[in-house]
Asks: 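Handing you a structure now.
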Amino acid sequence: MSVTVSTTVNGDSVDFVCAPDETLLDALRGRLGLTGAKEGCGTGDCGACSVTLNGRLVCSCLVLAVEAEGQEIATVEGMAAGETLHPLQRAFIDHAALQCGICTPGILVAAKALLEKTPDPSDEEVRYWLAGNLCRCTGYDKIVRAVQAAAAEMRRA
Amino acid sequence: MRYEKPQTVAEAARLLSAEKGVARILAGGTDMLVQMKSGMVEPDLLVDIKALPGTRTIVKEAGGFRIGAGVSGAQLSEDADLKAAWPGVVEAANLIGSTQVQGRCTMVGNLCNASPAADSVPALVAAGAKVRVAGRGAGRDVAVEEIPAGPGKTKLKKGEFITSVFLPARGARCADAYLRFIPRTEMDIAVASAAVNLSLDEKGVIKDARVALGAVAPTVVLCEPAAKAIIGTRLDDAALEKLAAACSAAAKPIDDKRGSVEYRKDVVGVLAKRAARIAYTRAGGQK
Ligand SMILES: Cc1cc2nc3c(=O)[nH]c(=O)nc-3n(C[C@H](O)[C@H](O)[C@H](O)COP(=O)(O)OP(=O)(O)OC[C@H]3O[C@@H](n4cnc5c(N)ncnc54)[C@H](O)[C@@H]3O)c2cc1C
Ligand code: FES
Ligand code: FES
C-alpha cells in the first residue's frame, strides 16, 4: 500500500508517494533526493538525521513520512541562500569543525534551531542542546567554538 | 500497515476497536518507531492521535492544567505557568532523551510505553496526576499509578487510549522535584529515580506529601511509608533518614550491569532525600 503526502520542504510545496511505515528520513533521501540528512543509527541516538518539523528540532528517522502531510519541514539544504552560506556553515569551515562531515548537516540544523531560540548561549547550553548529535571524528570543542563564532556574528548582523 | 489520523475521539475509538490485527497509538513515535524498526512490534494499524481535539494544547482547568496526550517535552518546557506550578513534572519530562527527542516525546507515550525507568512517570504519580481514558464507552479519569501493569504492559483495554493528563491546582507553599541517577550526564536510562511532591503549612511543617520511585520495581512505586516519614516534620535529618530507609525498603529492583540490587536500593533513598530537600526549598521551607 502507498500513500500520497503533500508537504512543504524548505518553503517549497512537494508531493511524494511512500509506504505508510516509511520514515521521513527515507522519504527525504529516497523520494525527494535531499540527502543532507544522514542515517547514523536510525534509532534517535545520533542526530545525523536532524531536521525541523514546524520549527521543532526532531530526528527524521523517528518521524513517519505520512506525518509530514500539511506540515513544514526544514533541512540543511535550505540553510544557504543560493551560493551564500549561512553564518553557521561558514563558521564550521573556518573553525575546521568537521572532518568526515557525516554529523555536520544534523549539527548545523540543530545549532540553527538553538540560535533562533537562544542567540547568546553559554558553552554549556550549546553542549546540552547538541548532546543528541554525535560526532566520531572532529571532537566537540571545535564544534562548540564554531557555533559560538556564528552566534557572535549573527548577533552583530 | 495502515496509518490513520482521525479528527475525533469517537473515530479513533472506532478504528481501534474494529481492528482485528495489531493496533497501536502513535504519539511522538520516539518509542514506537524504534520498536517498529527493530521488529519488536508490527502494527497492522497505527492511529495517530495528534489531530484529535485538545491533544496538542496545555489548557488551565479548575486551577490545574490539562495537558493533551500529544504535547511534546519541548512544549512543556516553554509553559512558564506550568513550570512554576509543577517544576518537578516538567524537569522529569525534560530529562527524556535529547533536544530532538524532546521535540516529539510525550508524557503519555512515556507512561504507555510502560518502561519501569520512564522518567516522567514517578513525577506524575507524586503529583497525583490523572489521565483521561477514552474508548467506545464514556471517558473515565484514572490515577497515573493505575496504568502500568508491568514492563511494556498497561492496564488499558483493547480500544482504549489516553487523550490527556491532568495536573491538579496548586495552593501556596507547594512544590515538587524529580531526580534520577544515570552513569552519563545526558541521554541515558535511569538506574534509579525519585519524585517528591509536598505542601507546607505557614510554619514550614510538611502537611502533605507523595513520594514515587522509578526503575526499582516492575512498575512505578508510590511509596506511602516514605511520605509518612516526612509529614509533620520540617524535613530534619531524622525525617530524611526515615524517608531514605522507607524508599530503600520499598524498592524491589533487578540486578543488572547498570546496578546491583543493593546499589539501587541505596541510591533510590539518596535520590529521595535530595529530591525532598529541593521540593522543600522550592515550597519556601527554610531550615
Ligand atoms: C534517543 C532516545 C532517548 C530516550 N531517552 C529517554 C529517557 O531518558 N527517559 C525516558 O523515560 N525515556 C527515554 N526515551 C524513550 C521515549 O522517548 C519516551 O518513552 C517518550 O516519552 C515516549 O513518548 P512518545 O510520545 O514518543 O511515545 P510513542 O512512541 O508515540 O508511544 C509509546 C507507546 O505508548 C503508546 N501510546 C502513546 N500515546 C498513547 C496514548 N495517548 N494512549 C495509549 N497509548 C499510547 C504507543 O502505542 C506506544 O506503545 C528515549 C528514546 C530515544 C529514542
Ligand atoms: S539516524 Fe536519526 S538519530 Fe541517528
Ligand atoms: S565529522 Fe565525522 S562524525 Fe563528525
Side-chain angles (χ1 to χ4, degrees), chain A residues 1-3 5 18-26 37 39-71 106-107 109-114 117-118 121 124-134 140, chain B residues 1-7 22 24-51 55-56 70-78 91 94-106 109 113 182 184-189:
Chain A
M1 204 177 101
S2 54
V3 264
V5 177
C18 69
D21 59 356
E22 189 165 318
T23 64
L24 176 60
L25 174 62
D26 287 341
E39 180 167 55
C41 63
T43 51
D45 295 289
C46 76
C49 64
S50 298
V51 302
T52 61
L53 172 62
N54 300 331
R56 272 281 179 232
L57 187 67
V58 298
C59 291
S60 61
C61 72
L62 296 186
V63 177
L64 289 177
V66 286
E67 290 184 79
E69 174 69 38
Q71 318 290 316
I107 295 187
V109 170
K112 181 166 177 273
L114 167 68
K117 205 174 141 94
T118 314
E124 198 184 352
E125 281 173 310
V126 176
R127 284 177 192 274
Y128 267 102
W129 185 270
L130 296 178
N133 289 89
L134 304 185
Y140 298 102
Chain B
M1 187 193 89
R2 279 188 304 138
Y3 167 87
E4 298 280 356
K5 195 170 185 179
Q7 308 287 318
V22 179
R24 280 286 191 284
I25 301 279
L26 178 70
T30 59
D31 283 315
M32 204 57 233
L33 264 78
V34 175
Q35 291 166 12
M36 280 164 58
K37 272 191 200 174
S38 70
M40 222 174 108
V41 237
E42 290 173 8
D44 298 294
L45 171 70
L46 200 57
V47 176
D48 189 338
I49 54 153
K50 296 191 291 293
T55 46
R56 304 300 293 269
V71 169
S72 67
Q75 226 180 315
L76 296 173
S77 74
E78 288 162 10
E91 75 198 350
N94 287 165
L95 282 171
I96 299 171
S98 56
T99 317
Q100 286 84 343
V101 171
Q102 282 291 312
R104 296 259 295 166
C105 70
T106 66
N113 186 58
I182 56 172
R184 301 174 65 204
T185 52
E186 264 278 88
M187 300 279 286
D188 209 341
I189 303 163

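All of these numbers come straight from a predicted model, not from anything done at the bench. Chain A is the first sequence line, chain B the second, and so forth, proteins listed ahead of strands; every chain is numbered from 1.
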Asks: Can you see which heavy atom on A/G132 is nearest to which on B/S98, and at what distance?
Replies: CA-CB, 3.5 Å
Asks: Does a salt bridge link B/K5 with A/E67, judged by any charged N lying under 4.0 Å from a carboxylate O?
Replies: no
Asks: So for B/Q102, is it side chain, backbone, both, or neither that comes closer than 4.5 Å to the heavy atoms of chain A?
Replies: neither
Asks: Using a 4.5 angstrom heavy-atom cutoff, name the option from A/G42, A/G44, A/G47 with the most pairs to chain B.
Replies: A/G42
Asks: Write out, in numerical order, the residues from residues 30-39 of chain B with a heavy atom short of 4.5 Å from a heavy atom in chain A.
Replies: B/T30, B/L33, B/V34, B/M36, B/K37
Asks: So what's closer than 4.5 Å to chain A heavy atoms on B/E78: side chain, backbone, both or neither?
Replies: side chain
Asks: Can you tell if the side chain of A/P20 reaches within under 4.5 Å of the side chain of B/R2, non-hydrogen atoms only?
Replies: no
Asks: Using heavy-atom distances under 4.5 Å, tell me whether A/V63 contacts chain B through its side chain, its backbone, both, or neither.
Replies: both
Asks: Shortest non-hydrogen contact from A/R56 to B/A74?
Replies: NH1-CB, 3.6 Å
Asks: Chain B heavy atoms under 4.5 Å from A/T23: which part of the residue, side chain, backbone, both or neither?
Replies: side chain
Asks: Using side-chain heavy atoms (C-beta onward) and a distance below 4.5 Å, is B/Y3 in contact with A/L64?
Replies: yes
Asks: Measure A/A19 against the heavy atoms of chain B and call it side chain, backbone, both or neither at under 4.5 Å.
Replies: neither
Asks: If a pair satisfies salt bridge (charged side-chain N to carboxylate O under 4.0 Å, His left out) and one of its residues is in residues 39-55 of chain A, list it, with sequence neighbours excluded.
Replies: none
Asks: So B/T99 and A/N133, do their side chains get closer than 4.5 Å, heavy atoms only?
Replies: no
Asks: Is the closest side-chain heavy-atom distance between B/M1 and A/D21 below 4.5 Å?
Replies: yes
Asks: Do A/L62 and B/Q100 pass the side-chain contact (heavy atoms from CB on, under 4.5 Å) test, and can you show the C-alpha distance, the side-chain angles, and the key distance before you say yes or no?
Replies: CA-CA 10 Å; A/L62 296 186; B/Q100 286 84 343; over 6 Å; no
Asks: If I measure from the heavy atoms of chain B, does A/C49 come under 4.5 Å with its side chain, its backbone, both, or neither?
Replies: neither
